[in-house]
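Down below is the structure, laid out as structure tokens.
Computed over heavy atoms, backbone and side chain alike; hydrogens, waters and symmetry mates excluded.
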Amino acid sequence: MAFIIKPLVTEKMTKITDKQPNRYGFIVRPEANKLQIKSEVESQYNVTVEDVNTMRYAGKRSARYTKAGLVKGQKIAFKKAIVTLKEGDTIDFYSNI
């Protein structure tokens with residue numbers, strides 16, 4: 001089962017990767033644990049994972065005013081994993097493009 005949904009390439013994650021070049025972020029399934037994330041990253045990208053940190057984000061409510069009136073909605077909840085690789089290992093997210 002695929003636990004990694006997509007790599008996280010945002011401005012904030014890029015700053016973290018610039019400071020510590022062996023850290024990468026991923027959006028993962030909420031039911032995935034650290035061991036499953038570690039094994040999937042190692043098999044998918046052929047690297048050695050030293051550490052996995054996970055964070056859960058709650059879905060936030062949002063509302064905006066339009067011509068039709070007040071439109072309410074909710075952003076999705078997700079789980080983020082920051083993976084620390086062994087010194088010297090790198091992941092190139094743009095090689096498949």
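- No continuous path of hydrophobic side-chain contacts links I91 to I5 [ILVMFWY only; heavy atoms under 4.5 Å].
- Under the 4.5 Å side-chain heavy-atom criterion for ILVMFWY residues, a single connected hydrophobic cluster contains both L85 and V9.
- Hydrophobic clustering, with ILVMFWY side chains joined whenever heavy atoms are under 4.5 angstrom apart, groups I37 together with Y24.
- Within the 4.5 Å cutoff, the side chain of K86 has no heavy atoms near those of the N22 side chain.
- Of all non-hydrogen atoms in I82 and M13, the two that sit nearest each other are CG2-CE, 4.3 Å.
- Listed by first and then second residue, the side chain to side chain donor-acceptor pair (under 3.5 Å) pairs involving residues 47-64 are Y57-K80 (not counting sequence neighbours).
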Show me the donor-acceptor pairs, under 3.5 Å and distance only, between side chains in residues 39-47 and residues at least two apart or in other chains.
| residue | atom | partner | partner atom | Å |
| --- | --- | --- | --- | --- |
| S39 | OG | L35 | O | 3.3 |
| S39 | OG | Q36 | O | 3.0 |
| E40 | OE1 | F3 | N | 2.7 |
| E40 | OE2 | F3 | N | 3.3 |
| E40 | OE2 | I4 | N | 3.3 |
| E42 | OE2 | V49 | N | 3.1 |
| S43 | OG | S39 | O | 3.2 |
| S43 | OG | E40 | O | 3.1 |

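- Side-chain contact between Y65 and L70: present, with at least one pair of heavy atoms (C-beta onward) separated by less than 4.5 Å.
- Atom CD of E87 sits in a sparse spot, with 12 or fewer heavy atoms from other residues, nucleotides or ligands closer than 6.0 Å.
- In the hydrophobic clustering of this structure, F93 groups with V83; members are Ile, Leu, Val, Met, Phe, Trp, Tyr whose side-chain heavy atoms approach within less than 4.5 Å, directly or through other members.
- For residues 4-13, no pair satisfies side chain to side chain donor-acceptor pair (under 3.5 Å), with sequence neighbours left out.
- The structure places CD1 of I16 at 8.5 Å from CG of L8, a figure rounded to the nearest 0.5 Å.
- Transitive grouping of hydrophobic side chains (ILVMFWY, heavy atoms separated by less than 4.5 Å) brings F78 and M55 into a common cluster.
- Taking both residues in full, the closest heavy atoms of T84 and R23 are given as OG1-NE, 3.2 Å, listed atom of the first, atom of the second, then distance.
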